[in-house]
Amino acid sequence: MIILGIETSCDETSAAVIEGEGEKIVLKSNVTATSLSIHAKTGGVIPENAAREQIKYILPVIHKALSDAAIQFTDLDAIALTYGPGLIGSLLVGVETAKTIAFVYDLPIIPVNHMIGHIYANWLIADSQLQREKDKPSAISHTPYAEIEFPAIALVVSGGHTDLLLFNNHKSYKLLGGTRDDAAGEAYDKIGRLLGLPYPAGPMMEKAAKRGNPKKFRFPRPLIGSPDYDFSFSGLKTAVLRETQKIKDLDEQTVSDLAFATQDAIVDVLVKKTIKAASKYDAQSVLISGGVAANQSLRDELNVKCQMLNVKFFVPPKNLCTDNAAMIASAGFYNYQPVSWGEVTANPELYFS
Ligand code: KG4
Ligand code: ZN
């Protein structure tokens, strides 16, 4: 089965081709165009700007994904498509393009929830990307798809979501908890902005934190001991704001110290809650995904804690943590529920059903 994945939920325009056989999938191509540089100038994503860029990129990106995979539209068996959640203008570009291709080539569409898509980056076999990751000394090598065993706890940490899910098998999952206010990525971005770092601040905060003095600041760990699996990060933002208001000169070292303390608090909460869920539900695997899963401290910390609990730990290669169509195609393959083009509509408010 050859699936074309399409992802346009926010500021990335992405198309990918996967080939599935039995339980195994191989990533044939994954092409992503990003409008990040435009949003860096405005300090965040302005939805209309993101949608305009989607329109510019969608066709070239799809064509490149097909040519990289050395196939044509007529070779496709289905289109896996992000239909929500996301920005309506951006989503519509992908949805209408997919519907048109499906209509012209008589293909079924597999509608994919973007958040579930992030989780399925863990099932991709992307040899070239994995090789690059392995070259980095601190990187954790990726375990092949077949070793992901259920029950699995999945932590999705992106710019808009922080959610913990329990997967009993591919088609059966339960939301254990989510963020009550800001998502982890949002906290990174908003606090980074306070510290004068450009959008998206997550990667810059991670870089700055490496030079930070661990003893300088300590911030609260919201909801860390609560009996549920919910998260809250807006209090952390207020705590950092208060601290910055006391400081006259926010020099580079102080920014690094504050970045370290922020990251320490975020990672601590994410790791504790994920491990608590893994332990409670006797998980065989822990999977992380979403833009914040690219954070090396989170990857390293969870890896260590999962080893202690004797649970397998999975994390996608860093380039598959942020938005991409390969993960959407993967989710479509493992949750194959095709519909005809006329039944697909964008749903910007989609959550977990
Ligand atoms: O999953 P994603 O690409 O888009 C959404 O679906 O939201 O996630 C983007 C988020 C941004 O908030 C960005 O700052 C954060 O992921 N992020 C990071 C890192 N790389 C991206 N946060 C912390 N450390 C990183 N290395
Ligand atoms: Zn995303």
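Just so it is clear, the values below take in all heavy atoms, side chains as well, and ignore hydrogens, waters and symmetry mates. Note that the coordinates shown come from a computational prediction; the quantities given were computed from them, not determined experimentally. Whatever order the structure lists ligands and atoms in, that order sets their numbers, starting from 1. Counting begins at 1 with the first residue of the sequence.
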- Task: If the plane angle is over 60° it's perpendicular, under 30° parallel, otherwise tilted; pick one for His170 and Tyr334.
- Result: parallel
- Query: Does CG in Asn310 sit with more than 12 non-hydrogen atoms of other residues, nucleotides or ligands closer than 6.0 Å?
  - Reply: no
- Task: Would you list the protein N, O or S atoms within less than 2.8 Å of the Zn ion (ligand 2), leaving out water?
- Result: His114 NE2, His118 NE2, Asp323 OD1
- Task: Using the six-membered ring wherever Trp is involved, compare the ring planes of Tyr105 and Phe73 and label them parallel, tilted or perpendicular (cut-offs 30° and 60°).
- Result: parallel
- Query: Do other residues, nucleotides or ligands put more than 12 heavy atoms under 6.0 Å from Phe150 CZ?
  - Reply: yes
- Task: With the side chain counted from C-beta on, respond yes when Arg211 and Glu252 share a heavy-atom pair under 4.5 Å apart, and no when they do not.
- Result: yes
- Would Asp182 and Lys190 pass as an ion pair if we require N to O under 4.0 Å? yes
- With a 4.0 Å cut-off, would you call Arg221 and Asp264 a salt bridge? yes
- Message: What does the 4.0 Å heavy-atom contact list look like for ligand 1?
- Response: His114, His118, Ser158, Gly159, Gly160, Gly185, Tyr188, Asp189, Pro200, Gly202, Pro203, Glu206, Gly290, Gly291, Val292, Ala294, Asn295, Thr322, Asp323
- Specify whether His114 and His118 have parallel, tilted or perpendicular ring planes, treating 30° as the upper limit for parallel and 60° as the lower limit for perpendicular. perpendicular
- Item | Intermediate values then yes/no, side chain to side chain donor-acceptor pair (under 3.5 Å), Asn49 and Glu53 | CA-CA 6 Å; Asn49 291 348; Glu53 296 304 299; over 6 Å; no
